[in-house]
Amino acid sequence: MSSYWLLKSEPSVFSIDDLAHSPGQTTCWEGVRNYQARNFLRAMTVGDQAFFYHSNADPPSIVGIVNIVKAAYPDRFAWDSRSKYFDQNSSRDNPAWFMVDVKFAKKFSTPLPLDSLRDIKGLENMELLRKGSRLSVQPVRKPEWNVILTLA
DNA sequence: GCCAACGTTGGC
DNA sequence: GCCAACGTTGGC
């Protein structure tokens, strides 16, 4: 039984087009530095799907779908002192942070702006729409997934 | 640019 | 263990 997720990225840093133009249309999803988000990353399995969300965008929107193609493994950027994701508390012996690999699956012909999702029936409890929600990796319930697919 | 919401840090 | 201070996220 596969699961559904939502991944946030600032398009000025890494957009869905960047992913589509990456080698093999695949990238590692590095830089998650929040424990709850990390735990969701570790719960992912190959075959899971995720919405690709553009945060800090105009307008912030769900823009497509990616597939999880590699389950969680240590985030090596946490070990790189030159990386902005460096964390001295993460060691090779005892990694604190993890990443998965995601592959481009689909770009919606029309993005779904955050604002347009707020009054959609069936999305009332979606994490993305919760006031103050900041999780960059979040689970999506199957009914929510299906509602959004229908919209797209 | 503002600021609300949230997570983390560290003094006590 | 509490909580104030601080830093970050991300919508607006």
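Naming: A, B, ... by sequence-line order, numbering from 1 per chain. Only this structure's heavy atoms are used, side chains among them; waters, hydrogens and symmetry mates stay out.
If you take OH of A/Tyr35 and P of B/dT8, they are 7 Å apart, rounded to a whole angstrom. At whole-Å resolution of the value, CG in A/Asn56 and P in B/dG1 are 14 Å apart. Here the P atom of nucleotide B/dA4 and the CZ atom of A/Arg134 are 14 Å apart, to the nearest Å. Here the C1' atom of nucleotide B/dC6 and the CG atom of A/Leu135 are 10 Å apart, to the nearest Å. Following rounding to the nearest Å, A/Gln88 (CD) and B/dT9 (P) show an atom-to-atom distance of 11 Å. Between the CD atom of A/Glu10 and the C1' atom of C/dT8 there is a distance of 11 Å, rounded to whole Å. Across the protein-nucleic acid pair, A/Glu127 atom CD and C/dT9 atom P stand 16 Å apart, rounded to whole Å. Separating the CG atom of A/Asn34 from the P atom of B/dT9 is a distance of 12 Å, rounded to the nearest angstrom.
Chaining together hydrophobic side chains whose heavy atoms lie under 4.5 Å apart places A/Trp97 alongside A/Tyr35.
Using a 4.5 Å heavy-atom cutoff, the side chains of A/Phe14 and A/Ser22 are in contact.
A/Tyr53 has no side-chain polar atom (N or O) that falls below the 4.0 Å cut-off from OP1 or OP2 of C/dT9. The phosphate of B/dA4 (OP1 or OP2) has no side-chain N or O of A/Lys131 nearer than 4.0 angstrom.
A salt bridge does not link A/Asp75 to A/Arg38: none of the charged nitrogens lies less than 4.0 Å from a carboxylate oxygen.
Aromatic ring centres of A/Trp5 and A/Tyr53 lie farther apart than the 6.0 Å criterion allows.
Considering only the side chain of A/Arg130, B/dC6 comes nearest among C/dG10, B/dA5, B/dC6.
At a threshold of 4.0 angstrom between heavy atoms, the contacts of A/Arg33 with the nucleic acid are absent.
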